[in-house]
Amino acid sequence: MSAHETSIGPISSQKSSKAGGAQSKCVTHLKGQCSLPGDKSISHRALMLGALAVGRTHITGLLEGEDVHATAAALSAMGVGIRRESPGQWVVDGVGVGALQTPDNILDMGNSGTSTRLLMGLVASQPIRCFFTGDGSLRKRPMNRVIAPLSQMGAVIESCGDGRLPLMITGSDSPMPIDYTLPVASAQVKSAILLAALNTPGTSIVREPKATRDHSERMLKAMGAQITVEENSTGNTGRIIRMTGEAELSPVDISVPGDISSAAFPLVAAAIRPGSQIRLKGVGINPLRAGILTALEQMGAPVTIENRREEGGEPVADLVMTGPERLKAVTLDPAIAPLMIDEFPVLFVAAACAQGSSRFTGLEELRVKESDRIAAMAAALSACDVAVEEVPDGLIVHGTGSPPLGGATVITHLDHRIAMSALVLGCASNRPVSIDDAAPITTSFPDFIPLMNALGTEISLL
């Protein structure tokens, strides 16, 4: 081991505990440039596919938030060699497809739904048994959409409380390929099936009604999996993915781009403060993730895309936001929802500062995230004197066209995106906006507060 290496042996998931709230004050504008933490979705997949490759995978720019640590800890418990060499630099010594081991202990996934659902896919086609649990928020999230297809492939899954965690999954020693149509577009369910298909004889097919983020497909192809993707012949925006199993994956060097979901927070913070100008360097702009850029452009805050390139099979660019004099309301096409589902909470903040009423629908998925994000953001905005109308699949936000009143303490419901969105709202409110608990932010964006303050915000822990 070299002098700069740090061996962390069995990795422990780092869990949030309530560490106090935070407060954000109004600022005149944001200025500066920064690099963002690595993309969370790609970080999870890099660890998992590196674990299934035969040989050593080097990962650069890995997100070191709690959710990704939960994935690393679980894989370590299943016999995979994982170590952190330096900040963002990780090495995974893969055991090969089908060679994971039954862990000695319960796998605590913290707050990470992505870790849980994708790891269930990994286990489903291997003759091992895993017991999954998580924090209070994760135990409320439904797993039936993953349980259904994985059960068809031969896994035996026993859950507590209507398909929720805790649950035990026993993988099949003779898994069966399936032809499965997703009832609802979901990259997590799609990826879970594809991961199970890796160790399943024959060809498994996933049909998605709307195209969702394709990080799994891109990385699987780069590592040598027999995978094909074609547009749905019905003319909609869906895709058909075919995976031939009993694969042997080859290790590759993976460079994780900046997370566009994290980029949404400084982009919106700059968009709601006229005269702001920020540059975010090296952000992933996968077209199946870049809906936030389209939405902001429609609201009169276009993002300038510079220095386009490709890194690790993913499109990457620098993003520049210049805060407009005024944002305008928008009725967003529901078809855009799968392209930016995690970014809607902070987009609601942009709508709160826009002139006129914005309508967002097709967002049923937000009801079953870390919290009911529609209800949580409706309550947060209402508490800050922004008029909203909650509908079953979305939210109507009646923008003030001027700084909102603010002055509230927002209940985060252990949801990192609610917490960060509320703090962005405080950047443009007449009175400071507080959150009850800042700890959940570390699940996806550990350096959120110092990074935002370096751009000119005034966010402080309470």
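Numbers here simply count residues along the sequence, with the first being 1.
A donor-acceptor contact shorter than 3.5 Å links the side chain of R273 to the backbone of V27. Between the D393 side chain and the G362 main chain, a donor and an acceptor come within less than 3.5 Å of each other. Side-chain atoms of T60 never come within 3.5 Å of backbone atoms of G88 as a donor-acceptor pair (strictly under, hydrogens ignored). With hydrogens and angles disregarded, a donor-acceptor distance shorter than 3.5 Å links the side chain of T457 to the backbone of M452. Checking side-chain atoms of S115 against main-chain N and O of D67 turns up a donor-acceptor pair under 3.5 Å. Between the side chain of D214 and the backbone N or O of E217 there is no donor-acceptor pair closer than 3.5 Å. Proximity of a side-chain donor or acceptor of N307 to a complementary backbone N or O of D318 within less than 3.5 Å is not detected. A donor-acceptor pair is defined here as one N or O able to donate and one able to accept, closer than 3.5 Å; no such pair exists between the side chain of S358 and the backbone of A329. Of the possible polar contacts, none joining the N144 side chain to the I147 backbone as a donor-acceptor pair under 3.5 Å is found. Side-chain atoms of T443 come within 3.5 Å of backbone N or O of P440 as a donor-acceptor pair.
Using a 4.0 Å cut-off between charged nitrogen and carboxylate oxygen, D162 and R164 count as a salt-bridge pair. Here D342 pairs with R373 in a salt bridge; the nearest charged N to carboxylate O distance falls below 4.0 Å. Between E306 and R279, at least one side-chain nitrogen of the basic residue sits less than 4.0 Å from a carboxylate oxygen of the acidic one, meeting the salt-bridge criterion. In this structure, R218 does not pair ionically with E310, as no charged nitrogen and carboxylate oxygen lie closer than 4.0 Å. A salt bridge links R289 with D39; the closest basic N to acidic carboxylate O contact falls under 4.0 Å.
Distance check: L49 CG to T57 OG1 gives 8.5 Å after rounding to the nearest 0.5 Å. Note that the NZ atom of K25 and the CD1 atom of I459 stand 12.0 Å from one another [nearest 0.5 Å]. Note that the CG atom of L30 and the CD1 atom of I278 stand 6.0 Å from one another [nearest 0.5 Å]. Residue L423 holds its CG atom at 4.0 Å from CD1 of I435, rounded to the nearest 0.5 Å. The structure places NZ of K369 at 11.5 Å from OG of S137, a figure rounded to the nearest 0.5 Å. Considering NZ of K190 and OG of S216, their distance stands at 7.0 Å, rounded to 0.5 Å.
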I'd like to know whether E389 forms a side-chain contact (heavy atoms from CB on, under 4.5 Å) with R359, so could you lay out the CA-CA distance, the side-chain angles of the two residues, the decisive distance to 0.1 Å, and finally the verdict. CA-CA 9 Å; E389 296 177 55; R359 184 179 184 91; over 6 Å; no

Would D436 and T409 count as a side chain to side chain donor-acceptor pair (under 3.5 Å) if you check the C-alpha gap in whole Å, the side-chain angles of each, and the deciding distance to 0.1 Å? CA-CA 6 Å; D436 66 326; T409 296; over 6 Å; no

Any chance you could lay out the side-chain contact (heavy atoms from CB on, under 4.5 Å) test for L119 and L107, step after step, and finish with the verdict? CA-CA 10 Å; L119 287 170; L107 300 178; 5.6 Å; no

Show your reasoning for whether side-chain contact (heavy atoms from CB on, under 4.5 Å) applies to L395 and L363. CA-CA 9 Å; L395 197 64; L363 308 182; 5.9 Å; no

Would E66 and N111 satisfy side-chain contact (heavy atoms from CB on, under 4.5 Å), going step by step from the backbone distance to the final call? CA-CA 8 Å; E66 290 182 356; N111 191 243; 6.0 Å; no

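Annotation for R431: atom CZ does not count as buried by contact number, only 12 or fewer foreign heavy atoms lying within 6.0 Å. In this structure, K31 places its NZ atom where more than 12 heavy-atom neighbours from other residues, nucleotides or ligands lie under 6.0 Å away. Within a 6.0 Å sphere centred on CZ of R367, heavy atoms belonging to other residues, nucleotides or ligands number more than 12. Remark: E297 CD is loosely packed, at most 12 non-hydrogen atoms of other residues, nucleotides or ligands lying under 6.0 Å away.
Closest approach of D437 and L414 over heavy atoms only: OD2-CD2, 4.0 Å. When every heavy atom of S24 is checked against every heavy atom of G426, the shortest pair comes out as OG-C, 3.6 Å. Taking both residues in full, the closest heavy atoms of A350 and L327 are given as O-CD1, 3.7 Å, listed atom of the first, atom of the second, then distance. Between S261 and E343 the shortest heavy-atom distance is OG-OE2, 2.6 Å.
Residues R129 and T102 have side chains that never bring a donor and an acceptor to within less than 3.5 angstrom of each other. No side-chain donor from either of H29 and Q277 sits under 3.5 Å from a side-chain acceptor of the other. Side-chain contact of R213 with S41: a donor-acceptor pair under 3.5 Å is present, judged by distance alone.
Proximity of F265 to R417: side-chain heavy atoms (C-beta onward) are separated by under 4.5 Å at one or more points. Looking at L122 and M78, their side chains never come closer than 4.5 Å, going by heavy atoms from C-beta outward. For the pair I241 and I193, the minimum side-chain heavy-atom distance is 4.5 Å or more.
In this structure, F360 and F348 have tilted ring planes: the angle between them lies in the 30° to 60° band.
For residues 401-433, no residue pair satisfies the ring pair (Phe, Tyr, Trp, His ring centres under 6.0 Å) rule, not counting sequence neighbours.
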